[in-house]
Each structure stands twice: as structure tokens, then as C-alpha cells.
Amino acid sequence: MASTAPVIMRIMASSIQTAKRAGGIIRDVLKKGDLGIVDKGKNDPQTEADRSAQRCIIASLTKKFPSVKIIGEEGGSDLNVCDDWLVEDSDEQFLQQSCPAEWRDAKPEDFVIWVDPLDGTAEYTQGYVEHVTVLIGIAIKDAAVGGIIHQPFYQQPDGQLGRTIWGLKGLGTGGFTHSLAPPGEFIITTTRSHSNALHQQALNAFPATKVIKVGGAGFKVLQLLEGKAHAYVFATPGCKKWDTCAPEAVLEAQGGFLTDINGEHYAYNADVEHVNREGVLASVGENHSELVYKIPRKVREAVGV
Ligand SMILES: Nc1ncnc2c1ncn2[C@@H]1O[C@H](COP(=O)(O)O)[C@@H](O)[C@H]1OP(=O)(O)O
Ligand SMILES: [Mg+2]
Ligand SMILES: [Mg+2]
Ligand SMILES: [Mg+2]
């Protein structure tokens, strides 16, 4: 079954296992205590966990899918990794499912895999480890189609650490229980470490009953999926394609939307600009275009300039 399954199914099944392994690396670096922090820019740290998790993911997926384009947040990585970091297996349960017809004939050269080995690095370095996710997003041509969101520090009821959420458009989602956000309230989830005056103006335009400030694009989308918030607002550039590809695919496989603040989808082919210049607006799906028009036009015009 595994070797004959369509490419999208094999990439998803390998990415699920690889994201779990990367999560283990992220826990190990924290346990050892030497984070090896490097500043890539303002409010833009990188740690040994970002570097090592990326090497694990890109080496594993490159070996399995040599003709698929893979773009990782941390740039070119040394792919000569120890066997322990080379993930060869696939999620067999995922492979039992049938591939949506629309993706069955996609060829390796149609794909781009967008890798954020550790989303929420600022929070990781500050001890908010529950905000951290590993994101593997799978695009076919321009569209974010599949995604893995792995939470290395999620505490399972049996005490085990880590859970893995997946979504594939046309198939659905797995790894979590979907809940609706409370009716009669309007809860916004937004950045805790990358705010500015313009972003604050956009937030002020919404009649929010509560604003939750947490780190990471992956964690904020999980809050939408689990009914803890109605909308995710980020009205400033700063997020990149590897931050939004996996969250967009998972959220939209569950009926939500993730777009820029004008309501347009980003394109995820290999030639796009990495920065999401027009910000991020995500919602559980009931009223996405209404949310777009809540943001004052002046604010929308100023974002990305
Ligand atoms: N100004 C920025 N510079 C670098 N990365 C950013 C910036 N703004 C957002 N990001 C990335 O988008 C994620 C979500 O943003 P926020 O938590 O502020 O809502 C961040 O965790 C970070 O990803 P990463 O942690 O992978 O570098
Ligand atoms: Mg980063
Ligand atoms: Mg990120
Ligand atoms: Mg990152």
C-alpha cells in the first residue's frame, strides 16, 4: 500500500512521523539547557532546537522525496545527519485512508513543502513551551493543501508529551477534537511578541469580548480548531509562508479560512516572496468576509507598505 499510495498521501504520512521526531529533538535541547540562541533580527531568535529540528525534517523528507522542493525557515541545512535523526517510517494509519481525487495525480514537481521546524521560538526561549509547534505545510502549485501541526509539549492524559494534528483538504483532519467557539462571544487570538501600533488599531476595530495573546501561528490556529477563539488577527508583516502553510491547510480542511487581512489567500509556490506582507486573518469560517471589512480600510492600506 505505502509505496503505491499517491505522492500527497506518502508525504503526509512521512511528515507526521518526522514532525514527531523533530518534537523529540526540541524537548531534548530544552532538557540539556543550552539553547544556543542566535538573533536573526529584531524579535527573531533562533536556537539549537530550530537548527537541529530543521536538519532532521529536511534530511528525512529529502531522502524520501528527492525531487520535491522543500523550503525551511532556517535556510540551507547540513543534511548529513545521524541515523537517529533520519526518519524512515510513515504513519500507517494515515495511509489506510483514500486519497481525495483532486490530489491523486499531483506529481512530485507540483509540490512545495514549507517547514517551520519550531514555531514560537520567542516563547520557547521564555518558557511558554506549550505555545511551541512544529509545522510542515504541503502545497500543490499555489495552494496550501496539507499540513501537520505537532505540539512537542502537549501533555496527554496518560502523561506522555506531544500530539500531532493533521489536515488534508478534501479528506479532513485528525489528532484533535474539533469544538465550536462559544456563541454570543467574540474571542480574538493574537500575537504576544510582535505587536505594533497599526496592529493594535486593527484589533481595536473588532468588538472582541476577549483578546488572548499567545505565541506562534500554529498554536493560534489550534485555538480556532479547539473552539477557544473565533478569529486570529495579525495586521502586520512578520509571518512567513512556513508559518501559515500548514495552519492554513489544517484550518481549511476543517471548514475555516486563513487569508491575508484583505481576505485573499497567499500563494505557496516555490517562487513566492517568503514574507506574508499583508498580515494574517483566520477564522472558524462563519463570517470571514465580514471580518475583513471590520478592519478599517486605512489600516489595511497601511499594512505591508
Ligand atoms: N517580526 C517577526 N520576525 C520574525 N518572525 C516573526 C515575526 N512576526 C511573526 N513571526 C513568526 O510568526 C510566528 C507567529 O507570530 P506571533 O507569535 O508574533 O503571532 C512567530 O512565532 C514567528 O515564527 P518563529 O517562531 O517560527 O520564528
Ligand atoms: Mg523564527
Ligand atoms: Mg514560525
Ligand atoms: Mg520557526
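Whatever order the structure lists ligands and atoms in, that order sets their numbers, starting from 1. Quick caveat, the model's predicted, so the values are computed rather than measured.
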Under 2.8 Å from the Mg ion (ligand 3), the protein N, O or S atoms found are Asp116 OD2, Asp119 OD1, Asp243 OD1
Q. Could you go step by step and tell me if His274 and Trp114 meet the ring pair (Phe, Tyr, Trp, His ring centres under 6.0 Å) rule?
A. CA-CA 10 Å; His274 292 167; Trp114 292 94; 5.5 Å; yes
Could you label the plane-to-plane angle of the His265 and Phe257 rings as parallel, tilted or perpendicular, counting under 30° as parallel and over 60° as perpendicular?
-> tilted
Glu73 and Asp116 have their tightest heavy-atom pair at OE1-OD1, 2.9 Å
Original post:
Any cation-pi pair here, Arg10 with Phe94, using under 6.0 Å and within 45°?
Top reply: no
Tracing side-chain contacts under 4.5 Å among Ile, Leu, Val, Met, Phe, Trp and Tyr outward from Val87 reaches none
Practice task
May I ask you to test the Lys220-Phe234 pair for a side-chain heavy-atom distance under 4.5 Å?
Solution key: no
Chain-and-number sorted residues having a heavy-atom contact under 4.0 Å with ligand 1 are Asp44, Glu73, Asp116, Leu118, Asp119, Gly120, Thr121, Thr191, Ser193, His194, Gly215, Gly216, Ala217, Lys220, Phe234, Gly238, Cys239, Lys240, Asp243
Does the pair Glu226 and Ser179 meet the rule for a side chain to side chain donor-acceptor pair (under 3.5 Å), with working shown?
CA-CA 5 Å; Glu226 298 198 297; Ser179 298; over 6 Å; no
Distance col, row Arg163:CZ vs His150:NE2, nearest 0.5 angstrom, shows 10.5 Å
Residues at least two apart in sequence or cross-chain that pass side-chain hydrogen bond (donor to acceptor under 3.5 Å, both in side chains) with Asp28, listed by chain then number, are none
